Structure formats: structure tokens, C-alpha cells
Amino acid sequence: MLSGLKGGLISPTALSTPIYRRSPASGLKSGMVSSGDLSSKKKEPEQQDPYFNDVILLLKGIGDNNSTAILDSSNTNKSPNAVLGSPVISTARSKFDSSSIYFNNGSALDYVSPDFNFLGDFTIDFWFLSNNASQIINGDTLFDCRPDGANGNYPLVSIFTNRLTLYQNGGTQIQSSPILVNDVFYYAGLKRVENITELWLSGSLIGSYTAGIYSFSSRILIGGNAFRGVATDTYFDGYFSGFRVTNNNRDLSIVPAQAFPAN
């Protein structure tokens, strides 16, 4: 893969909002209003997604702490073909809701469906937080569409040499200049518009790649690598606070201000 790219450290405030942590005593997120003030605040209604009928996978990460029930909130209601390790719902970190999905550097969700054989425009967008982004050299996999042990025209998005990276057709095709830092939620996305594949981070286009029509694997492996048996330490160590796959071209220059809607 590529190395030697230059890039400065991006401050968390330039790319994302602070992470909320819960106070054990009150259950309130730090920096928020006290319980006495909450009664006068109205919760904003959940926005509606104009592309919701095109969503083919929506993992919101909502549930009880340590629950293994990671549900697909799209209309397709998919279940993983395999669960590797023990990804769980966690209340330790969250971007918008009270919980997210925790991957412990040895866990993955393997979804298999012909829906993932993308013929037209599509978008995969997600919020992620890495526990060790600033130490990653070999690459922590965010998602991989390759069959096990095979390269080809399949996208793999990972944190490699501390940067958000697209690996496809046997090589690194796009890599961010910003160095990712630990303990920050970033909004990222991959999309294809006609024959052009684009990688986005925090509302900014990182780069584009003429990939054409992808090879078909019918797969999205979230948190794990198709070469995990030989490429050690490539599992993701961190949290997803929303993971969405849409058969349409979303505008990734707009960073969502709320959790991904389920309607």
C-alpha cells in the first residue's frame, strides 16, 4: 500500500463533535443540561430519510449494554450470515443515541445478500470511532466486500497508516491526508456514481477512483478483513454509531446532525 503521505493532525473539532460520556450517577451525558432543565427541553423529532426505501442495511446500534442483538432497521431486516467474535451493543460511547456497536479487535459482522452486488449508484456511510487510530500501521478494517482470500474489483475501506483508505483491485486507490486520532467519532462514506468511486471524510471528498462496475461477492464484512487469517491485527477496534447501505447517490458533503433515521 501507499506510504509516506504527508498530512497534519486534524483537531477533533475540525472534523467531528465531542464524544458524549455518561455519568454513572445521573446517566446524563457530560456537557448536557441537568435533569432539572430537561423538563423544559423538547426532543427534536427524528428526521425522515428521502432515500429510506433504497436503504438495504441500517445498523443503528440501539439496545441494552452488552446485548448481542444487533438489528437491521431497514425494510430488508437482514441478519448476518456469520458473527465473528463478539460484537455487542455498548453504552460506553455514542454519537447521537444512547449506544453504539462495539468491535473488540477480534469481532466482525458478515452480511451476505445479492443486494450487495451493486449494479448502479450506491452509498455506504457510517459514523466510527477508533480506539487506536493513531497507532495503526497494518490497517484496521472498517468494512470489506471481498470474498475470503481473494482480491479483485471489490472495495475495502480501512484505517491504514493512520489514514482513511480505499483498497481495491489489489492496491491502495485513495487515502486521506488527515491523520485520524483516537476517541473521536468521524462521519465517513464510500459511494459510486456511474463509474466513479468516491471516498469522503467529515463532509469532504478525499479522492475519487475510476473503478467501473464492481465484481460481485454478495458481501459486506463489517469490522473484519477477507484476509484476516493471514493478515494479523486487521480487525477493527472501536465503535460504529450507525452503519448504512443505500442503493442511491447520497450527498456526503452534508454531515448528519442526527442519528440515521429509520423511516
Side-chain angles (χ1 to χ4, degrees), residues 1-5 7 9-10 12 15-16 19 57 59 61 70 80 82-90 92-95 100-111 124-151 154-168 170-190 199-202 206-207 217 219-245:
M1 291 190 179
L2 298 180
S3 61
L5 293 181
L9 186 69
I10 283 197
L15 290 177
S16 182
I19 304 157
L57 183 67
L59 307 181
I70 301 171
V83 177
L84 310 178
S86 55
V88 296
I89 301 296
S90 172
R93 297 287 191 277
S94 62
K95 176 60 184 176
S100 58
I101 308 170
Y102 173 55
F103 293 78
N104 64 355
N105 197 26
S107 303
L109 293 169
D110 193 358
Y111 288 89
I124 302 173
D125 61 334
F126 49 94
W127 286 94
F128 74 96
L129 177 151
S130 175
N131 284 330
N132 64 343
S134 61
Q135 286 83 41
I136 293 171
I137 300 299
N138 293 331
D140 265 20
T141 304
L142 296 169
F143 69 88
D144 194 349
C145 294
R146 298 175 298 176
D148 280 349
N151 279 310
Y154 314 97
L156 156 66
V157 175
S158 67
I159 307 169
F160 179 69
T161 60
N162 321 127
R163 295 168 170 86
L164 190 68
T165 303
L166 171 66
Y167 183 88
Q168 195 160 342
T172 297
Q173 306 300 339
I174 304 172
Q175 193 169 53
S176 67
S177 293
I179 295 175
L180 302 177
V181 298
N182 299 348
D183 216 31
V184 172
F185 272 112
Y186 294 94
Y187 176 61
L190 177 84
L199 186 64
W200 290 73
L201 178 64
S202 300
I206 295 173
S217 68
R219 179 193 213 183
I220 293 182
L221 178 63
I222 302 172
N225 191 289
F227 284 82
R228 60 196 175 280
V230 293
T232 59
D233 197 28
T234 55
Y235 282 99
F236 178 54
D237 181 3
Y239 301 81
F240 282 105
S241 196
F243 189 99
R244 179 172 63 182
V245 184

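What you see is a predicted model; the values in this text were computed from it and never measured. All heavy atoms count here, side chains included; hydrogens, waters and symmetry mates do not.
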Quiz item: Roughly how far, to the nearest 0.5 Å, is CZ of Phe126 from CZ of Arg244?
Solution: 12.0 Å
Quiz item: So, for Tyr102 and Gly238, which heavy atoms are closest and what is the spacing to 0.1 Å?
Solution: CD1-O, 3.3 Å
Quiz item: Checking Gln175 side chain against Phe160 main chain: does a donor-acceptor pair fall under 3.5 Å?
Solution: yes
Quiz item: Parallel under 30°, tilted from 30 to 60°, perpendicular over 60°: which one fits the rings of Tyr239 and Phe185?
Solution: perpendicular
Exercise. Working to the nearest 0.5 Å, report the span between CG of Leu142 and CG of Leu164.
Key: 6.5 Å
Quiz item: Is any side-chain heavy atom of Tyr154 less than 4.5 Å from a side-chain heavy atom of Pro147?
Solution: yes
Quiz prompt | Test side-chain hydrogen bond (donor to acceptor under 3.5 Å, both in side chains) applied to Ser107 - qualifying residues, sequence neighbours left out | solution = Asn104
Quiz item: Do the side chains of Cys145 and Ile220 get nearer than 4.5 Å, heavy atoms only?
Solution: yes
Quiz item: What heavy-atom pair brings Gly224 and Thr141 nearest, and what distance separates the two atoms?
Solution: O-CG2, 3.0 Å
Quiz item: Under the 3.5 angstrom rule, does the side chain of Ser176 hit a backbone N or O of Ile206 as a donor-acceptor pair?
Solution: no
Exercise. Evaluate the side-chain contact (heavy atoms from CB on, under 4.5 Å) criterion for residues Leu180 and Phe128: first the C-alpha distance (whole Å), next the side-chain angles of each, then the deciding distance (0.1 Å), finally the verdict.
Key: CA-CA 11 Å; Leu180 302 177; Phe128 74 96; 4.0 Å; yes
Quiz item: Does Asp125 reach the side chain of Trp200, with side-chain heavy atoms less than 4.5 Å apart?
Solution: no
Quiz item: Should the ring pair Phe240 and Phe243 be called parallel, tilted or perpendicular, given that the plane angle runs from 0 to 90° and is split at 30 and 60?
Solution: perpendicular
Practice problem: Check Tyr111 against Pro80 and note the closest heavy-atom contact, atom names and distance. | Solution: CE2-N, 3.4 Å
Self-check item: Test salt bridge (charged side-chain N to carboxylate O under 4.0 Å, His left out) applied to Asp237 - qualifying residues, sequence neighbours left out
Solution: none
Exercise. Kindly determine whether Ile179 and Arg163 satisfy side-chain contact (heavy atoms from CB on, under 4.5 Å), including the steps that lead there.
Key: CA-CA 5 Å; Ile179 295 175; Arg163 295 168 170 86; 3.7 Å; yes
Exercise. Taking the side chain as every heavy atom from C-beta outward, state whether Leu59 and Leu109 have any atom pair closer than 4.5 Å.
Key: yes
Quiz prompt | Smallest separation among heavy atoms of Phe227 and Gly149, with atom names | solution = CZ-C, 3.2 Å
Exercise. Please step through side-chain contact (heavy atoms from CB on, under 4.5 Å) for the pair Ile222 and Ile101, ending with a clear verdict.
Key: CA-CA 11 Å; Ile222 302 172; Ile101 308 170; over 6 Å; no
Quiz item: Is there a side-chain contact (heavy atoms from CB on, under 4.5 Å) between Leu84 and Arg228 once you walk through the steps?
Solution: CA-CA 11 Å; Leu84 310 178; Arg228 60 196 175 280; 3.4 Å; yes
Quiz item: Looking at Ile174 and Gly207, what are the two nearest heavy atoms and their distance?
Solution: CD1-O, 3.3 Å
Quiz item: If you round to the nearest 0.5 Å, how far is CG of Asp140 from OG1 of Thr165?
Solution: 11.0 Å
Practice problem: Could you tell me the separation between the CZ atom of Phe103 and the OG atom of Ser86, rounded to the nearest 0.5 Å? | Solution: 10.5 Å
Quiz item: Heavy-atom distance under 4.5 Å between the side chains of Ile159 and Asn132, does that happen here?
Solution: no
Quiz item: Among all residues two or more places apart in sequence or in another chain, which pass the side-chain hydrogen bond (donor to acceptor under 3.5 Å, both in side chains) test with Arg219?
Solution: Asp110, Asp148
Self-check item: Where Leu156 and Arg146 come nearest, the two heavy atoms and their spacing
Solution: CD2-NH2, 3.5 Å
